[in-house]
Amino acid sequence: MPHPRLLSLLAALGGALAVACGAFGAHALRASFDANQLALWQTAVSYLFWHVLAALFAARHAETAAARGSTIAALLFLAGSAVFSTTLFALALGAPRWFGAITPLGGTALIAGWLVLGWTFWRRR
């Protein structure tokens with residue numbers, strides 16, 4: 001099981017990536033993307049950013065409360081946001097449509113992360 005500090009570092013790097021991708025989309029891609037491509041790009045940035053924040057929170061909780069569930073939630077948030085956002089970025093950049101079939105796997109991991117985090121808080125005394 002990865003250490004919560006490593007998960008926090010990965011989440012922080014993911015946050016930097018989300019900002020960079022958001023800026024890249026707003027400045028470099030806006031002129032060459034149609035509305036659908038821009039919407040895909042923005043969705044990818046939003047999900048990436050919100051879920052690396054959730055991973056950072058879960059990793060911090062795992063450090064302070066020694067909660068294994070929070071570590072698992074952080075892993076699910078990081079993996080899910082990577083899969084979900086990467087596939088949307090790829091689709092916006094012109095990847096084949098079948099690539100979109102991978103996106104729900106990332107979404108499922110994100111949902112699982114929230115459920116595991118909720119369960120961890122519920123069980124905590």
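Under the side chain to side chain contact (heavy atoms under 4.5 Å, CB included) criterion, Ala90 pairs with Ala95, Phe99, not counting sequence neighbours.
Note: the hydrophobic cluster containing Trp50 does not contain Leu117 (ILVMFWY, side chain heavy atoms under 4.5 Å, direct or indirect links). In terms of hydrophobic clustering, with Ile, Leu, Val, Met, Phe, Trp and Tyr side chains grouped at heavy-atom distances under 4.5 Å, Val45 and Phe33 are assigned to a common cluster. Val52 and Ile72 fall within the same hydrophobic cluster, where Ile, Leu, Val, Met, Phe, Trp and Tyr residues are linked whenever their side-chain heavy atoms come under 4.5 Å apart, directly or through other members. Both Leu78 and Leu17 belong to a single network of hydrophobic side chains, linked directly or stepwise wherever heavy atoms of I, L, V, M, F, W or Y lie under 4.5 Å apart. Residues Leu110 and Phe49 fall into different hydrophobic clusters, defined by Ile, Leu, Val, Met, Phe, Trp and Tyr side chains chained together at heavy-atom separations under 4.5 Å.
Between Phe77 and His51, the two ring planes are tilted [angle within 30° to 60°]. Ring orientation note: the planes of Phe57 and Phe121 are nearly perpendicular, at an angle over 60° on the 30°/60° scale.
Nearest heavy-atom pair across Gly69 and Val116 is O-CG1, 3.2 Å. Taking all atoms of both residues into account, the shortest heavy-atom contact from Ala59 to Leu7 is CB-CB, 3.9 Å. Shown here for Arg5 and His3, the closest heavy-atom pair between the two residues is N-ND1, 2.9 Å. The heavy-atom pair separating Ser8 from Glu63 by the smallest distance is OG-OE2, 3.9 Å. Minimum interatomic distance between Ala74 and Ala55 (heavy atoms only, all atoms of both residues): CB-O, 3.7 Å. Considering every non-hydrogen atom in both Ala73 and Ala58, the closest pair reads CB-CB, 4.3 Å.
Applying the side chain to side chain donor-acceptor pair (under 3.5 Å) rule to pairs touching residues 84-102 yields Thr87-Thr103, sequence neighbours excluded.
Residues Leu88 and Trp41 have side chains not in contact (no heavy-atom distance under 4.5 Å, counting atoms from C-beta outward). The closest side-chain heavy-atom distance from Cys21 to Phe89 is below 4.5 Å. With contacts defined as side-chain heavy-atom distances shorter than 4.5 Å, the pair Thr120/His61 qualifies. Looking at heavy atoms from C-beta onward, Thr43 lies in side-chain contact with Phe84 at the 4.5 angstrom threshold.
When atom types are taken as modelled, the side chain of Gln42 and the backbone of Ala39 share no donor-acceptor pair closer than 3.5 angstrom.
Within the hydrophobic cluster formed by Ile, Leu, Val, Met, Phe, Trp and Tyr side chains joined at under 4.5 Å, directly or through other members, Leu56 stands alone, with no partner residue.
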